[in-house]
Every structure is written in structure tokens, then in C-alpha cells.
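Inspection log for the structure reproduced underneath, given as C-alpha cells.
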Amino acid sequence: MKIFQKNMEIDRSCGCKGIRTCLICEKKYSITKLNLASELEKRPTFVYCLYCNKAWPGWNYNEFQIHPNHSGKPIDYPGVYIQTDFLSTEEANSLMKDLDSLPWDISQSGRRKQNYGPKCNFKKRRLRLGLFSGFPKKTRFVQEKFLDVGLLKDFKTIEQCSLEYNPDRGASIDPHIDDCWIWGERIVTVNVIADSVLTMTPYTENNRYNLDCVNSQKLIGNENSVTKPSCENIVVRIPMPERSLLVLYGAARYAWEHAVLREDVNSRRVCLAYREFTTPYLPKGDHSLEAVEILEQANNFW
């Protein structure tokens, strides 16, 4: 992701900082941003099919719906779990009313958020409780539904973040890997309203995201390492249907950056993101004492 640096240091009321931009600050401060979608479309692109668990040639979100009548040669894409209709229509509608009754904070790249979790300094690897006191009571049922998902039966939420993507602000999130020092292997997203797409690109560096911490983790399937993609130039698009559950783990979690392109946000999208601790911060882990109070607060619903 490359953005021309003009006016990057301005304190912007829209919530964007540094290279992060939205339509509001791009227009106000004449910031020019690379069209990432058009660049990625030039590469070999694949769409993940949640029915056959393979990625087939294509770009458009809804191409998985032609299953089983795919065309072209598929590739294997491990580390993805999708459950459609994880929320019922009634649950999603009720949840949206409850989320909108809570205050939203501005965030970067045209998003708004509601964040409930501990304070983390990813560069210095420091963890503290901060103001974390648990989660909104009316969202409790979502975490309880994780118990019915085999992959998540032992998942202990320590951060819950509501994220709103609005097309009027050009909301997006740039390619990244969630921090690997503190956030555990399973990256969980509940897509409450609006279909969308997660765009995956291979990560070929080694010195970001605290990826050195992965070697100390016990991975799902007892894998000892994460195999890097054999081709560095491909793109895999993962559908996120409305009301669905998405879990990234293994290779999809650690070997690929994920992004939400503004071109894939066509209406207001709201999702809930859930994170767990890495092994050292769980009971009996090397840093478990630092996490005791946080884990206790994570049992609270107010």
C-alpha cells in the first residue's frame, strides 16, 4: 500500500492518521491514494468457495454461489472456516439496535468502532488492563454461540470490537496481519449486516506484526510451522455473507495479509471482531500472571 505523502502529517478530525485516509480527508487535503483494488485485479485472482473449501479463478464476491459449477483450476486454501446464517435475521436486527444504542468512536480509514478489551503496546509488548471491565450484556449471546462451533469451543474472548464501514466515507482497512504477540491464532469475525469480501495477499516479509512469536504457539492441527504461499503474486477473495461467521487460522492467519477494500463496501457494514490471548498469556503460560485480572474482567457482561 503506497500513498503519496502530501498532507500526511495534518491532524485530521475524521480520525485518520499517517498514511491512513478516507474520502473525507482525501478530498479536504487533496490526498492521493493508490487504487489498491485496480492494482490487485491485475494479478491472478481467486474466490474462495465456502462449500468446497477451495479457491477458484475469479474476482467477484458472489462467484462462490455457482457451486458446484466452477470453472478453471482451483487452488487449496487452508485455514478458513465460514458458517453462513450464524446469526438469524431476528438476532442480527436486534443486535444492530443494541450496538447503535452504544456510543461509536471515530477510527481510521473511514471506520467507526466500539472497542472492549485491554490496552496493548504492540511495539514494546506491554499489556495492561486499562479501562476494560467486560463486554456489553446484549452482545453476550454471540459469544455463547461460539460454544456450538467445534473450532471455537475453547475460545476465550479477551477483546470484542464492533467495526462500522460506511461507503460514504470510503471506509476500508489496509492489508495487515493481526498482531501475533498478544492475539492468538483464531481471528474471529461475525459479519452482522451487509455482504462483503476479505481480500488476502501473501506476506513475504518476516519483521512485522510480531510474527516471531508464532514459533512459540501450539497451532491448530498441531502444525509446527506455517507454510508460506508458493506464489507471491496471487490474490484470494474470501466471501463474508451477511450474518455469517468467519474464522481465520493457520496459514490464512499468519502467512497472508487481509484487507477490506472500499470498493467492496457498498452499504453500511457492521461486524464484530473477536480476539483471544496467545498461549503464554493463558493459565499456566509463561506470562499468565500478567493476564489474570484481564481474564477475570472478560467474564463480565454489563
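Here, residue 1 is the first one in the sequence, and each next residue gets the next number. Note that the structure is a prediction, hence the values are computed from the model and not measured.
For the residue pair E90 and N93, no side-chain donor N or O sits within less than 3.5 Å of a side-chain acceptor on the partner. In the model, R237 has a side-chain atom that pairs as donor or acceptor with a side-chain atom of T199 under 3.5 Å.
Comment: R125 does not engage E290 in a salt bridge, judged by the lack of any side-chain N to carboxylate O separation of less than 4.0 angstrom.
Across all their heavy atoms, D178 and R253 have their closest contact at O-NH1, 2.7 Å. Contact record, F64 with P239: CD2-CG, 3.5 Å, taken as the closest heavy-atom pair. K73 and F46 get closest at one heavy-atom pair: O-CE2, 3.8 Å. Among all heavy-atom pairs drawn from L295 and N299, the shortest one is O-ND2, 3.5 Å.
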What verdict does the salt bridge (Lys or Arg N to Asp or Glu O under 4.0 Å) test give for K54 and D76, after you've listed the backbone C-alpha separation in whole Å, the side-chain angles of each residue and the deciding distance to 0.1 Å?
CA-CA 5 Å; K54 291 184 179 292; D76 291 323; 2.5 Å; yes

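The closest side-chain heavy-atom distance from Y48 to N53 is below 4.5 Å.
More than 12 heavy atoms of other residues, nucleotides or ligands lie within 6.0 Å of CD in E41, so this atom counts as buried by the packing criterion. By the 6.0 Å contact criterion, NZ on K156 is enclosed, its count of non-hydrogen atoms from other residues, nucleotides or ligands being greater than 12. By the 6.0 Å contact criterion, CZ on R128 is open, its count of non-hydrogen atoms from other residues, nucleotides or ligands being 12 or less. More than 12 heavy atoms of other residues, nucleotides or ligands sit less than 6.0 Å from atom CZ of R43. Counting non-hydrogen atoms of other residues, nucleotides and ligands closer than 6.0 Å to NZ of K138 gives a total of 12 or fewer.
Atom OG1 in T279 sits 13.5 Å away from atom NZ in K284 (nearest 0.5 Å). Here CZ of R243 is found 9.0 Å from CD of E91. Values are rounded to the nearest 0.5 Å.
A donor-acceptor contact shorter than 3.5 Å links the side chain of N210 to the backbone of F122.
Side-chain heavy-atom separations under 4.5 angstrom define the hydrophobic clusters, and I106 shares its cluster with no other residue.
The aromatic rings of Y51 and H67 lie tilted to each other, with the angle between the two planes from 30° to 60°.
Screening residues 261-280 for ring-ring contact (aromatic ring centres under 6.0 Å, His included), with sequence neighbours left out, gives F146-Y274, F277-Y281.
Cluster annotation: I187 and M200 are assigned to the same hydrophobic cluster (Ile/Leu/Val/Met/Phe/Trp/Tyr, side-chain heavy-atom contacts under 4.5 Å, transitive).
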